[in-house]
Structures are given as C-alpha cells and as structure tokens.
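Structure record follows, encoded as structure tokens.
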Amino acid sequence: MRPPALTNSSPLHTPEDHVSSHGISRRSLLVSTAAIAVAAGPLAAVARAAAKTPKVLVIGLDGALLGRIKEADAPALKGLMSAGLTAPSSIYANPLAPTSSGPGWSTLITGVWPDKHRVVNNEFTGHNLAAYPDFMTRIEAAKPNLRTYAVSSWAPITDIVFSAKVDTRVSTPGAEYDAGTTARAVAEVKGGNPDAVFVQLDNIDHAGHDSGAASQAYLDAIKGADAQVGQIVAAVKSRATYGAEDWLIMITADHGHTDAGGHGGSSWPERQTFMIATGGGVTAGSVRHDVRMPDIAASALAHLGVAIDPAWGLDGRPVQQPTPDAFDALRAKLTGPVDETGIGAGVVGFTHTPPSGWSVDNSRMGSGGITEWRGWSFTTDEFWTKTERDQRRELNIRARNVFAVADGDEWTDKSYSGTFDSTLVSPSYDVRGGARATLTYTTYYRQEAPQKGEVLVSYDGGAPAVVKTYTADTPSVVESIALQVPAGATKAQVRFRYTGGNNWYWVIDGVTITAS
C-alpha cells in the first residue's frame with residue numbers, strides 16, 4: 001500500500017505546479033521513421049505509418065484491474081479495446097519489489113524490471129534511474145526536436161521518474177487531482193502539438209484503497225476515469241492535423257488491487273496489469289498474452305523511430321514487433337488443474353504435450369507425484385504461481401506467455417518414487433560447420449542441493465556435450481552462450497536436463513540458436 005505521505009491528499013511536494021522545461025515548445029516536422037524501428041511489423045502497417053507523423057499517448061490508470069474495467073460502465077476504454085489490442089499481464093512480488101506504485105510506474109516508464117531500475121518502494125531510495133532513464137529522456141537524447149510532455153496526479157512520477165530532460169513535467173496540484181491532470185493533458189494535446197504524452201490518473205487506486213476492488217465505488221471510479229480518458233482521446237482526434245498523424249495510444253496500470261482493498265503483496269489480483277493499445281499498426285480487436293510491463297516504453301520508442309540500442313539493456317520489446325515462440329503456440333492446448341488444489345476452478349494453464357519439433361525425455365523420471373509437474377511441463381505465470389505463493393515463482397519476470405518448467409518442489413507434494421530426472425529436447429537448428437553460433441534462451445533457476453540443471457548441445461545427432469550447468473540460484477535472465485560448431489556440422493540440438501527431488505525449479509523460454 002502506498003504510504004500516506006505519498007497520496008494525493010498529502011503530496012510528496014508542495015501543492016504548487018512542478019513544471020520544468022528546457023527550450024521553447026517545438027513542433028515536429030519529422031515524417032515517421034516507423035519503417036526503420038518497426039521493420040519486423042506487417043508491411044502494410046509500416047507503409048501506412050510511414051506516410052504519417054508518429055505520435056505517442058500513454059495513459060496510466062493507477063491501480064486499475066482489467067477485469068473490473070470490462071465489468072464497468074467504461075465506453076471509452078471498451079471502444080479502444082475493440083479498436084485495438086487488449087493484453088492482460090502480470091508483475092513481480094517481493095522480494096524483488098512490492099506491488100506498489102513506485103516500482104510499477106518505474107518499470108512501465110523505463111522499460112526495465114526492478115532488478116535494473118532498483119525502485120523498490122515509494123520513497124525511491126537507492127534508485128538507478130540515471131542508468132535506466134524514462135523513455136522520454138531517451139527520446140530527447142535521440143531526437144531533441146520532438147516535444148515531450150508528462151503530467152501526473154501522483155507527484156513522484158513527474159518529480160522523480162521522468163527526468164528534467166523531458167520538455168515539460170507537471171505534477172498536478174492536489175486540489176485539482178485527476179480533473180486538473182485531464183484538463184492539462186487535453187490542453188497540451190490540442191494546443192501544444194506534443195510528440196509524446198504521458199498522463200497518470202490516480203482516483204481508481206484511491207477507490208481501491210478506500211472501498212476495495214470488489215466495490216461499486218471502484219466501478220464508479222473506473223467510470224469517472226473512463227470519461228477522462230475519453231476527453232483526452234477526443235482531444236487527439238480533434239486536432240486539425242490528426243488525419244496526417246499516426247497516434248499510438250497505450251492505456252496501462254502500475255498494479256492491481258485486492259477485493260477488500262490494498263496492494264503490495266503477492267496475490268494474483270495485486271500482480272495484475274495490462275496494455276490496451278490502438279494505432280501504430282496494432283490489429284483491431286486482438287488479444288495477446290506475450291506483453292509485459294516494460295513493453296510500454298519500448299513500444300513508444302519504436303513508434304517514434306528511436307532505434308533501441310542493445311547497450312541500454314531494455315527488458316521491453318515493441319508491441320509492434322511480436323516475436324514468435326514455439327511454447328506460446330501451446331496456449332490453446334492448455335488444460336486445467338488435475339492434482340493441484342489451490343489454483344482455482346476455470347484456470348487453464350498446463351500441458352505435457354510439447355510443441356511441434358520439441359520432445360520431453362522422461363525415461364529416467366520417477367513415478368507418481370503431482371501430475372501437473374511430472375517431468376518438464378508447459379505452463380503460464382498465473383497457473384504456476386498459484387500453485388504456491390511466496391516461493392519466488394513470482395520473480396520469473398522475463399519469461400512470456402507459455403514457458404517450460406521443471407518443478408521438483410511441486411512434483412513431490414504427492415506420494416512419489418524415484419527422483420526428478422527429465423530432459424527437454426529442442427528441434428534441430430541450422431548451423432554452419434566451423435563457424436560460431438549463439439544459443440539464446442530465457443531462464444530462471446532456484447537451487448537446493450542436490451538439484452542440478454544442465455544445458456547440453458549436440459551436432460548432427462552426435463553425443464550431447466554440456467555447455468552450461470546450474471547449481472546456484474540464477475535470477476530471471478536472458479542467457480547467451482557462444483558455440484563453436486564442429487567442421488562439417490549442419491544441425492545443432494539443445495537439451496535441458498533437470499535432476500533433483502524435493503528441491504526447487506527451473507524455467508526455460510524463448511530458445512533459439514543463431515548462426516554467425
């Protein structure tokens with residue numbers, strides 16, 4: 001829960017406007033370079049975007065739950081959902097960071113998870129925002145002629161998260177609250193000709209704290225925020241130049257709320273967020289499950305033609321550039337719980353059937369145990385974390401959509417014999433003999449002896465050789481392993497072997513081998 005000192009009734013700073021600016025207001029004369037930044041997107045969408053000037057609008061609804069938006073009287077938000085993308089998502093929990101506003105907004109705005117920006121509370125103590133700045137600061141560095149504008153009802157966003165390099169930052173006086181934030185955003189969109197706008201509205205979170213997410217007051221707050229979103233979107237569409245512009249509009253939230261009210265913990269409702277997006281080539285009426293919080297910043301940068309430098313270490317990837325993953329193709333095949341009792345009725349999220357080209361070798365696997373986790377399984381964040389809260393499964397932040405997991409801890413929660421010994425086997429990848437290749441995958445590994453994780457690679461059906469061993473805790477990371485391909489080899493195959501018993505778990509996702 002947000003400390004009282006940081007609520008809008010008691011702002012972090014004085015109740016005066018906090019406005020900073022460097023330079024006069026600037027009008028973008030730039031034709032879209034989205035064809036460069038979104039080269040992986042559909043050609044037709046890129047061609048349309050290239051003919052128009054790109055603009056970005058991000059509206060953050062503090063503490064909003066997507067499920068309650070769907071139940072509320074919210075025509076503006078539902079209209080955006082029909083016209084574009086709806087992407088439910090989830091966040092971390094302690095000990096990485098609590099589900100509170102400081103870490104949440106910092107993740108959305110910087111494009112990296114809390115282990116990088118290091119905002120782990122609402123006081124921002126020890127933050128690393130200088131190394132991982134907000135997306136508008138990156139816009140200013142790359143394209144200083146673009147105009148950036150941020151306004152928020154919660155002052156720390158515009159006082160701390162957005163840097164002074166942003167053209168204009170406004171912390172709305174507490175007495176004006178969301179009405180003032182909305183009025184200022186509308187005026188800027190209509191008269192200031194910005195290229196990137198960020199708006200934060202706070203009242204849904206206020207209602208959540210006061211009355212709980214299951215209350216009518218929470219639904220009423222969503223209705224009020226929806227009207228304000230509608231005003232801002234209407235201001236965009238009223239622009240005389242709107243027909244020559246391509247506005248990527250993204251709606252999001254920093255965290256969710258419990259039914260009784262409050263957040264900060266590890267429950268599924270508290271860990272909820274989402275992206276609603278229109279424009280920028282986004283497909284109307286689409287739903288995706290591979291979108292994560294840092295994608296907001298990355299999508300804004302890509303839309304404005306700002307090339308994302310790998311050296312920045314962003315965790316987000318542009319929503320305009322979906323990355324196909326074999327495991328994600330299993331989502332339609334996932335089923336509900338069999339032995340697990342805490343997941344809840346109606347929640348689907350596991351299968352033992354691998355995607356095409358993949359296989360699981362359970363020839364050395366023990367018998368019995370919890371059905372869902374007997375050998376490598378394919379699952380989702382919701383299903384897996386609901387098996388047992390607060391055992392750090394919530395820290396699997398860099399896997400997306402459907403991922404593979406070997407979970408000896410959960411497997412042994414029912415009578416079993418033998419040990420956990422299962423190997424996930426990839427398809428064969430094309431390589432060039434005598435050249436180098438790179439094995440890349442997302443992983444998260446929690447250790448307890450005598451557990452072990454091994455990554456093995458074989459060439460042209462030969463004997464697998466170990467290229468990486470896990471025997472210590474490894475946070476959620478993207479691994480890149482250099483491979484030296486033997487002379488004459490044309491195919492490489494990867495194996496992930498997990499051995500243990502009543503220990504912990506190993507996550508694998510996004511596996512590729514690329515030839516140099």
Minimum side-chain heavy-atom gap [X]-[Y] below 4.5 Å:
X      : Y      : answer
Glu410 : Trp504 : no
Leu248 : Val282 : yes
Arg495 : Ser458 : yes
Asp421 : Arg497 : yes
Leu129 : Val119 : yes
Leu439 : Glu479 : no
Val402 : Leu334 : yes
Val494 : Val455 : yes

Looking only at heavy atoms, what is the nearest atom pair of [X] and [Y], with distance?
X      : Y      : answer
Glu270 : Ile91  : O-CD1, 4.3 Å
Ile370 : Lys414 : CD1-CB, 3.6 Å
Met365 : Ser422 : SD-CB, 4.2 Å
Ala297 : Phe135 : CB-CB, 3.8 Å
Tyr470 : Tyr445 : O-OH, 3.0 Å
Val112 : Gly313 : CG1-O, 3.6 Å

With side chain to side chain donor-acceptor pair (under 3.5 Å) as the criterion, how do Asp62 and Trp105 come out once you've worked through the C-alpha distance, each side chain's angles and the decisive distance to 0.1 Å?
CA-CA 9 Å; Asp62 206 302; Trp105 289 122; 2.9 Å; yes
Using ring-ring contact (aromatic ring centres under 6.0 Å, His included), reason through Phe378 and Phe327 one step at a time and then give a plain yes or no.
CA-CA 7 Å; Phe378 305 93; Phe327 299 159; 5.3 Å; yes
Hey, mind stepping through Glu454 and Tyr498 against side chain to side chain donor-acceptor pair (under 3.5 Å) and telling me if it holds?
CA-CA 7 Å; Glu454 294 176 295; Tyr498 175 96; over 6 Å; no
Among Trp411, Trp373, Trp376, find the residue that satisfies the ring pair (Phe, Tyr, Trp, His ring centres under 6.0 Å) test when tested with Phe420.
Trp411
Value rounded to 0.5 Å, distance of [atom1] in [X] from [atom2] in [Y]:
X      : Y      : atom1 : atom2 : answer
Ile296 : Thr110 : CD1   : OG1   : 12.0 Å
Lys386 : Ser267 : NZ    : OG    : 9.5 Å
Ile513 : Lys491 : CD1   : NZ    : 11.0 Å

Are any side-chain N or O atoms of [X] and backbone N or O atoms of [Y], one a donor and one an acceptor, separated by less than 3.5 Å?
X      : Y      : result
Arg446 : Pro475 : no
Arg288 : Ala87  : no
Glu382 : Val347 : no

Is it true that the NZ or CZ of Arg138 lies under 6.0 Å from the centre of Trp312's six-membered ring and within 45 degrees of the ring axis?
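Geometry flag: set, cation within 6.0 Å and 45°.
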Salt bridge between Arg398 and Asp115, side-chain N to carboxylate O under 4.0 Å?
yes
Qualifying residue for side-chain contact (heavy atoms from CB on, under 4.5 Å) with Leu80, from Thr86, Val229, Asp226, Leu85
Val229
For the pair [X] and [Y], name the ring-plane relationship: parallel under 30°, tilted 30 to 60°, perpendicular over 60°.
X      : Y      : result
Tyr92  : Trp113 : perpendicular
Phe124 : Trp154 : tilted
Phe496 : Trp506 : perpendicular

Report the C-alpha separation of Trp384 and Asp407 in whole Å, then their side-chain angles, then the decisive distance to 0.1 Å, and conclude whether the side chain to side chain donor-acceptor pair (under 3.5 Å) test is met.
CA-CA 10 Å; Trp384 190 47; Asp407 192 333; 2.9 Å; yes
Under the criterion side chain to side chain donor-acceptor pair (under 3.5 Å), which of His117, Arg292, Lys116, His255 is the partner of Thr107?
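Per the side chain to side chain donor-acceptor pair (under 3.5 Å) rule, the option paired with Thr107 is His117, out of His117, Arg292, Lys116, His255.
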Surrounding NZ of Lys452 (heavy atoms of other residues, nucleotides or ligands, distance under 6.0 Å), is the total greater than 12?
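12 or below, so no.
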Quick one: are the ring centres of Tyr444 and Tyr505 less than 6.0 Å apart?
yes
Where do Leu77 and Ile251 land on the side-chain contact (heavy atoms from CB on, under 4.5 Å) test, with the steps shown first?
CA-CA 8 Å; Leu77 290 168; Ile251 316 295; 3.9 Å; yes
Could you walk me through whether Asp381 and Arg393 satisfy the salt bridge (charged side-chain N to carboxylate O under 4.0 Å, His left out) test, starting with their C-alpha distance in whole Å, then the side-chain angles of each, then the deciding distance to 0.1 Å, before giving a yes or no?
CA-CA 8 Å; Asp381 181 56; Arg393 291 176 179 84; over 6 Å; no
Side chains of Glu394 and Asn396 only: does a donor on one sit below 3.5 Å from an acceptor on the other?
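No, no side-chain donor-acceptor contact under 3.5 Å.
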Quick one, Asp339 with Thr371, criterion side chain to side chain donor-acceptor pair (under 3.5 Å). Give me CA distance, side-chain angles, the key distance, then yes/no.
CA-CA 6 Å; Asp339 292 328; Thr371 299; 2.6 Å; yes
